[in-house]
Amino acid sequence: MLIAIPTDSGKMCGHFGHAPQFSIYRIEGNEVQNKEVLAAPPHQPGLLPAWLKEQQVNIVIAGNMGSKARELFAQHGIQVIFGVSETDADTIIANHVKGELKTDAELTCCH
C-alpha cells in the first residue's frame, strides 16, 4: 500500500494543491518499508489525483481538502483521509500505522 502526504521540507503542506512535493510511504503490514519524496507537478486544477494514481498511491492524507478534490480522488480509487492537524509527515504515518491518527472533519477547504 502506498500513502502520500503533501509536504514541504518534511512537514505536511497546509495547502494541498500547492504542495511542492509529496512524501510517499510504502506500508506493508503495520510497518513503513520505504519513503520516497517526489517533486509535485506544476499546479493545475484536477491534475494531482491522476498524477498520484500514476504513482500507484492508494491513500492520501491531508490537513484540509475541498469536496471537489475529494470527489476527484474517489473517481481515481484513492482513499482520502483529511482533517489531520499534526504537521510532521513521519509522525503522521507512524500514527496512521498504529491506528492512532487523529482527524477533524471540520478541516475542509472551500475552493
Side-chain angles (χ1 to χ4, degrees):
M1 170 184 305
L2 293 178
I3 301 175
I5 299 175
T7 55
D8 187 358
S9 301
K11 302 292 182 193
M12 184 172 59
C13 191
H15 193 291
F16 179 86
H18 294 280
Q21 54 199 201
F22 280 82
S23 295
I24 300 178
Y25 298 82
R26 177 173 300 283
I27 309 297
E28 292 181 17
N30 289 330
E31 294 185 19
V32 175
Q33 298 296 316
N34 187 40
K35 173 185 174 183
E36 184 176 12
V37 179
L38 301 178
H43 178 69
Q44 292 179 19
L47 176 66
L48 288 175
W51 180 76
L52 288 169
K53 182 66 175 181
E54 288 174 6
Q55 308 309 313
Q56 301 180 343
V57 166
N58 307 100
I59 299 173
V60 169
I61 298 176
N64 59 24
M65 183 183 296
S67 60
K68 181 65 174 173
R70 292 192 311 267
E71 289 172 19
L72 290 171
F73 277 111
Q75 290 173 11
H76 285 86
I78 298 174
Q79 177 187 352
V80 174
I81 299 171
F82 68 98
V84 176
S85 59
E86 172 64 52
T87 59
D88 181 75
D90 291 343
T91 301
I92 291 169
I93 285 296
N95 288 338
H96 175 73
V97 167
K98 292 186 292 188
E100 298 175 0
L101 185 62
K102 306 264 189 268
T103 62
D104 180 356
E106 296 293 316
L107 293 175
T108 60
C109 185
C110 61
H111 59 283

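Please read these numbers as outputs of a predicted model, since none were measured by experiment.
Ring centroid separation for the pair Phe82 and Phe73 does not come in under the 6.0 Å cut-off.
Within the 4.5 Å cutoff, the side chain of Ile24 has no heavy atoms near those of the Lys35 side chain. Between Leu52 and Leu2, every side-chain heavy-atom pair lies at or beyond the 4.5 Å cut-off. The side-chain heavy atoms of Ile3 and Ser23, taken from C-beta on, include no pair separated by under 4.5 Å. Looking only at side-chain heavy atoms (C-beta outward), Asp104 and Lys102 stay at 4.5 Å or farther from each other. For the pair Leu48 and Phe22, the minimum side-chain heavy-atom distance is below 4.5 Å. Counting only heavy atoms from C-beta outward, the side chains of Trp51 and Val57 never approach each other to under 4.5 Å.
The number of heavy-atom neighbours closer than 6.0 Å to CD of Gln56, taken from other residues, nucleotides and ligands shown, is 12 or below. The 12-atom threshold is exceeded at CD of Gln33, counting heavy atoms of other residues, nucleotides or ligands nearer than 6.0 Å.
In this structure, Ile59 CD1 and His96 NE2 are separated by 4.5 Å, a value rounded to the nearest 0.5 Å. Of the inter-residue distances, the one linking Asp8 atom CG with Thr87 atom OG1 reads 11.5 Å to the nearest 0.5 angstrom. The CG atom of Asn64 sits 8.0 Å away from atom CE of Met12, with the distance rounded to the nearest 0.5 Å. With rounding to the nearest 0.5 Å, the separation of CD in Glu28 from CE in Met1 is 10.5 Å. A distance of 14.0 Å separates CD of Glu31 from CD1 of Ile93, quoted to the nearest 0.5 Å.
Here the closest non-hydrogen pair linking Ala62 and Phe16 is CB-CD1, 3.9 Å. Of all heavy-atom pairs spanning Ala19 and Ala40, the tightest one is O-CB, 3.2 Å. Nearest heavy atoms, Thr7 versus Pro20: O-CD, 3.4 Å. Minimum heavy-atom separation, Pro49 to His76: CB-ND1, 3.7 Å.
For the pair Gln21 (side chain) and Ser9 (backbone), a donor-acceptor distance under 3.5 Å is present. Under the 3.5 Å distance criterion, the side-chain polar atoms of Arg70 are left unmatched by any main-chain donor or acceptor of Val80. The backbone N or O of Glu100 lies less than 3.5 Å from no partner atom in the side chain of Asn95, so there is not a single donor-acceptor pair. At least one donor-acceptor pair closer than 3.5 Å links the side chain of His43 to the backbone N or O of Gly17.
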**OP:** Determine, stepwise, if the pair Gln79 / Val60 fulfils side chain to side chain contact (heavy atoms under 4.5 Å, CB included).
**Re:** CA-CA 6 Å; Gln79 177 187 352; Val60 169; over 6 Å; no
